Number of protein chains: 2
Amino acid sequence: MHACKPKKAGHIAVDDDAAKQVYVAPGHYDEYYDFVSGGFSGQVSVYGIPSGRLLKVIPVFSQNGENGYGYDENTKPLLNTSFGFVPWDDSHHTQLSETNAMYDGRWLFINANNTPRIARIDLKTFRTAEIIELPNTSGNHASPFITSNTEYIVSGSRFSVPADYENGDVSIKDYKTKFRGCVSYIKVDQKTGHLNLDFQLNLPPFNYDLSHSGKNESADWSFFTCYNTEEAHSLLEVNASQNDKDYILAINWKKAAEHAAKGDFDWKACKYAHNVMNENTEQATSEILNKVKVIDTRKVNDFLYLIPCPKSPHGVDVDPTGEYIVGNGKLSANLPVFSFKKIQEAIKNHKFDGKVEGINVIKYEDALHGEVQAPGLGSLHTEFDADGNAYTSFFISSEIVKWRLKDCQIEDRIPTYYSVGHLSVLGADTKKPYGKYMIAYNKITKDCFLPTGPELCQAAQLYDISGNKMKLLLEFPLIGEPHYASAIAADMLKTNMVNFTLLKNNHNPYKISTAQEARVERHGNRVDVYMAAIRSRLVPDNIEGIKMGDEVYFHVTNIEQEWDIPHGFAVKGNNNAELLVMPGETCTLKWIPNRVGILTFYCTDFCSALHQEMQGYVRVSPKGSNTPLSFTIDDKLPSQFIVTKPTTQSGAAPTTHKR
Amino acid sequence: MHACKPKKAGHIAVDDDAAKQVYVAPGHYDEYYDFVSGGFSGQVSVYGIPSGRLLKVIPVFSQNGENGYGYDENTKPLLNTSFGFVPWDDSHHTQLSETNAMYDGRWLFINANNTPRIARIDLKTFRTAEIIELPNTSGNHASPFITSNTEYIVSGSRFSVPADYENGDVSIKDYKTKFRGCVSYIKVDQKTGHLNLDFQLNLPPFNYDLSHSGKNESADWSFFTCYNTEEAHSLLEVNASQNDKDYILAINWKKAAEHAAKGDFDWKACKYAHNVMNENTEQATSEILNKVKVIDTRKVNDFLYLIPCPKSPHGVDVDPTGEYIVGNGKLSANLPVFSFKKIQEAIKNHKFDGKVEGINVIKYEDALHGEVQAPGLGSLHTEFDADGNAYTSFFISSEIVKWRLKDCQIEDRIPTYYSVGHLSVLGADTKKPYGKYMIAYNKITKDCFLPTGPELCQAAQLYDISGNKMKLLLEFPLIGEPHYASAIAADMLKTNMVNFTLLKNNHNPYKISTAQEARVERHGNRVDVYMAAIRSRLVPDNIEGIKMGDEVYFHVTNIEQEWDIPHGFAVKGNNNAELLVMPGETCTLKWIPNRVGILTFYCTDFCSALHQEMQGYVRVSPKGSNTPLSFTIDDKLPSQFIVTKPTTQSGAAPTTHKR
């Protein structure tokens, strides 16, 4: 066990087995993939568990120079919104697709909190496959929680705002009358995964914070926490912390969908983007849609109920059986556990405690299974194992408390370093959690790791929960902020990953299959360079006849047959990033030359002992110059590479140069 | 020891102690910081050793949404170049500052390979403090190697191109006559670290690949590898692999600097950016410079020599004593070791083997200490321990070979998984390497980790080299591509990091020190929002009177007194990123609203149990609307927060609203 120096703040001692428990020797794999929200990084980080090693950053909502995501022509449309191109967002909650309340290994979903969107990541490729924007929504926080067969993604607006289809130019002081909450139901195509905003609910102007869907008996229901039931619009710290109880909103989504199907809605005009990656071409397209079905819950409200919940609740978590619903009141002394059966009973018996804007309110006591008494301070989230235990994170008292669902009795507690936000018991949102490990995602790190200037990473802590007592094993640093995480057994995904895009499956219109097809075409001031990358050359590697004022598109196809040989492409002085091109794929980089002279390009990803030789030159001539378009490859080469073809200079019609 | 499943390709077995050797228990620190080049990520990754945990990504040459780097107004100027704003680059070689050939813990330097630049990172803050562009340079690869007292940073151009001060609109076929190589000497201010391009050398049109400076006796010298001495300009894979020997270029930089001081140069016109972060305001400024001293080595050449080196050499590495210079010929069967004493002897005796463009060539045999015979295939880099041993990476045979400098005899060899590029013996570029650990930086990963789609991370492997035999301990994944790495004992930097920017040291012109100073000012169509962030509120949190067509600048000051409480700031629908504001700092975000209505903003970095309450609204009215400028804070607040001030609508003169 290593020690540069013990830290001042004494962590609890770790036993001698911890090192062995988390060590994954060379030649072996981790047991679980852990998909961790990148928070303000906008991405998803994939860690191996138990080692805590960062296996990959999947770019989702933010540009990522490392692989040209959001810079190249293929992926740029994914970041389009009704507000235009948005290069960054705040990714929040991960959700793995499920079939019958068990992970099926197909997709990972994550929401953007700032400019409201939901992304689907394909778990065959670990790439963002689709992003849909949500209209009438601000702070897409209670999102993207799935139903137990991934029928719907459920999404609530943390901010209430005037709906996009209303006149939004109103005073903020008119909050109570002009602002509205919104929950969206996005249908998932079971075959393709494609997302379709089916309908939205127009709701009271609370803040809809988090959600979870039911399971088994409660599978037709979604649950949302509401805070700011005070309907305050400034200094919420004080003004939204007045009520002793806020609400959990319980929605029978099946019944809501029936309303949406049978016409109990209004079509409302509003703009939102829907961006899809074509997996045959690896080119994304973006469409702006312009209407949505809205159910006004002031008029249609036989499918949703409010349950009082102390106080400013954050997480709402449903246990593996679907019976228990935990409301994590940030400012509450006790932790309430609600019973799905009791809620159903109250509804059946029409036993309500009045209405809020037409929505029936169930009495706290009538919905309550029990309360965990004084468990800690600042409860945020609760997760579950397969044995009837719950684990709750407490931000203020910096600890995790294990308690029994059956009788709400506390079984164990363990400190975290330092304030814990989310926690994750592996597989806790399925009907059979893996258990075994729990991970605390801590918001404040202080002296957990070597200092790195004023900006410190946030930290995860891995615990063994296979015994009665929780046992700390490992601390590991994170990228951005871990708002949530979803872990899946490695065996479920490993088998997915065969037959990556090969050249024969590549239907990109700019693809070339051999170096002989490499060419340069001019169409007016647009120049298309069809380039091949293969160890250890870029073809063509000398290009002349580019003029100032041209718009140059480098279409680089990696024609390698071996699956682990990516190539990169960069050109000097580019107001853009690079391309990182996987074997068999074609990527396109836009380049607007802004200097006369010889500029250089090269492969950016070390690929062979002669990688440094994989380079080329492009001559940029002044606008109006008569330098002919040409591309030249050394004539000492085998015949298929002999190319010294000056071409016509320019013209409206494409001039294609085949050999 | 964990095993999801053993991998097909059998790694060598690891002994039972390996887990304990690399485990750093909670409550303890890593022993070393390892600064690893991010390669095509454009950044620097900081790992803890021996744990292999990623402690931080320091953004340098690429935009980084995670902390707004390259998006906010403070840091955007750092990415300016003579080509305009360049949002991405390919970072390559790390170098720690040294005093008397030992690390001094002040700065880390790294080069950009695509649009040629050098960055200085301040090791007090782990932030990019300065970036200088290099004119007349393409593929700034042989860079940024420092001299042993950090007098100079040395940088060579991998591509030869027509110099910026020549007419560059020439045919690539005129390579031999019109293209030139370039090496730059950048002076480092010993007090501030500021960089100043002192002089450049105009050199034969070879490719200058890598460099290292001498130590002790050889401290006044820089050594560069040259490939493509064939002066080919296309298909270098073949055409630059013709000569049996290329060269090492040895430059007496002290003598060169004397020439530069006494006027043996021409001032040449060329444009290059010099960008500096002001540490009092945390605002960067960018200046475009326009001339440089160039020494033409065809005329002045009594300070540099060519030494033949087999074949297409990549790394040139100087041992801790300064006597041995290893040339790593990528295509060479043997590994040559040159002697500094012998080189000096040949120079003293004027024993040369002709000239190349005026530069004396020393005979291979006259410079040679010895050759390591048939050590492996594809040698790339050599590093050293403190006991007279060298360690060379072999890309093609995927192994590291340990050999003795004294007699060039091989002592041990160990396979890597898979093809190794760089390797790093901790502290190997000082006169007293730490030894203890060696890290292989592998270019190809295949099945080292759980699969992550077509795109896999590159891998590091940590070895124990404290005994006679090298021992594999750990594999850990990396971000981007590790072109080089520099490790420093944690104790050297930890003490640096005290007294971070506090509010009192913040001299940013947009700073406010208390929430009472928060205000909104309009100057024509420019609106400045002076905002305070403190747990758990943004002040002001309601803003009205913003119009379409306005340019809004949010200046957010984090007025926390506790050093570990950052706040973030994001506003909906922004073609920009977020701000991540450390305690005491002020950051500025530009926002051009593009929709009428109520838009929302919030803190993006979880900061307290009431973080979700830390939010606000901004009303955007149509252009020409008469909504007055105002900001409103709830009147239930203590008096210092009571603000309900409508203000005059607009006007040329600033309208400041104090309370």
Side-chain angles (χ1 to χ4, degrees), chain A residues 1-4 11 14 19-20 23-29 31 40-42 56 62 65-66 83 88 90 114 125-126 138 159 161 168-169 172 234-237 239 330 378 395 443 451-454 475 490 497 500 536 541-542 570 573 577 582 597-598 600 604 606 609-610 613 617 621 634, chain B residues 1-4 11 14 19-20 23-29 31 40-42 56 62 65-66 83 88 90 114 125-126 138 159 161 168-169 172 234-237 239 330 378 395 443 451-454 475 490 497 500 536 541-542 570 573 577 582 597-598 600 604 606 609-610 613 617 621 634:
Chain A
M1 195 180 300
H2 256 283
C4 173
H11 279 54
V14 170
K20 283 189 188 171
Y23 180 67
V24 177
H28 298 79
Y29 287 146
E31 285 177 81
F40 47 77
S41 87
K56 187 179 173 62
S62 297
E66 187 185 358
F83 291 88
W88 167 90
D90 182 16
N114 189 42
T125 59
F126 279 52
S138 270
F159 291 94
V161 285
D169 184 23
I172 302 166
S234 81
L235 208 82
L236 267 60
E237 177 190 23
N239 297 328
K330 294 179 292 193
F395 180 85
K443 300 297 188 183
T452 54
E475 272 175 356
M497 269 168 277
F500 293 133
S536 299
D541 64 357
N542 289 186
M582 298 299 123
I598 302 290
T600 50
T604 52
F606 199 103
L610 294 177
E613 281 73 4
Y617 301 87
S621 298
D634 193 292
Chain B
M1 194 179 303
H2 255 282
C4 173
H11 278 54
V14 169
K20 282 189 187 170
Y23 181 67
V24 177
H28 298 79
Y29 287 146
E31 285 179 80
F40 46 78
S41 88
K56 186 179 174 63
S62 297
E66 187 185 358
F83 291 87
W88 167 90
D90 183 15
N114 190 42
T125 58
F126 279 51
S138 270
F159 292 94
V161 286
D169 184 22
I172 301 166
S234 80
L235 208 82
L236 266 59
E237 176 190 24
N239 296 329
K330 293 179 293 192
F395 180 84
K443 301 296 186 181
T452 54
E475 272 175 355
M497 269 168 276
F500 294 133
S536 299
D541 64 358
N542 289 186
M582 297 300 121
I598 301 291
T600 50
T604 52
F606 200 103
L610 294 178
E613 280 74 2
Y617 300 87
S621 297
D634 193 293

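Every heavy atom of this structure was used, including side-chain atoms; hydrogens, water molecules and symmetry mates were not. Everything quoted here is computed from the prediction, not taken from an experiment.
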Can you tell me which of B:Gly378, B:Gly573, B:Gly65 forms the most heavy-atom pairs within a distance under 4.5 Å of chain A?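 So the answer, after comparing B:Gly378, B:Gly573, B:Gly65, is B:Gly573.
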Identify which of B:Gly42, B:Ser138, B:Ser62 forms the greatest number of heavy-atom pairs closer than 4.5 Å to chain A.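 So the answer, after comparing B:Gly42, B:Ser138, B:Ser62, is B:Ser138.
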Tell me the closest heavy-atom pair linking [X] and [Y], and the distance in Å.
{"X": "A:Phe395", "Y": "B:Ala609", "answer": "CE2-N, 3.5 Å"}
{"X": "A:Phe40", "Y": "B:Glu66", "answer": "CD1-O, 3.1 Å"}
{"X": "A:Pro454", "Y": "B:Thr125", "answer": "CD-O, 3.5 Å"}
{"X": "A:Pro451", "Y": "B:Phe126", "answer": "O-CZ, 4.0 Å"}
{"X": "B:Gly27", "Y": "A:Glu475", "answer": "N-OE1, 4.2 Å"}

Spell out, as yes or no, whether a donor-acceptor pair under 3.5 Å connects the side chain of B:Glu237 to the backbone of A:Ser536.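 Between the backbone of A:Ser536 and the side chain of B:Glu237 there is a qualifying donor-acceptor contact (under 3.5 Å).
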Quick one: CG on B:Asn114 to OG1 on A:Thr604, what's the gap to the nearest 0.5 Å?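 Those atoms lie 8.5 Å apart.
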Hey, what do you get for CD1 (B:Ile172) to CG (A:Asn542), rounding to the nearest 0.5 Å?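 Atom-to-atom, B:Ile172:CD1 and A:Asn542:CG are 4.0 Å apart.
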Between A:Ala19, A:Ser621, A:Ser41, A:Gly168, which shows the greatest number of heavy-atom pairs under 4.5 Å with chain B?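 It is A:Ala19.
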Heavy-atom proximity to chain A below 4.5 Å, by part of B:Tyr617: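 Both backbone and side chain of B:Tyr617 come within 4.5 Å of chain A.
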Any chance you could lay out the side-chain contact (heavy atoms from CB on, under 4.5 Å) test for B:Ile598 and A:Phe159, step after step, and finish with the verdict? CA-CA 10 Å; B:Ile598 301 291; A:Phe159 291 94; over 6 Å; no
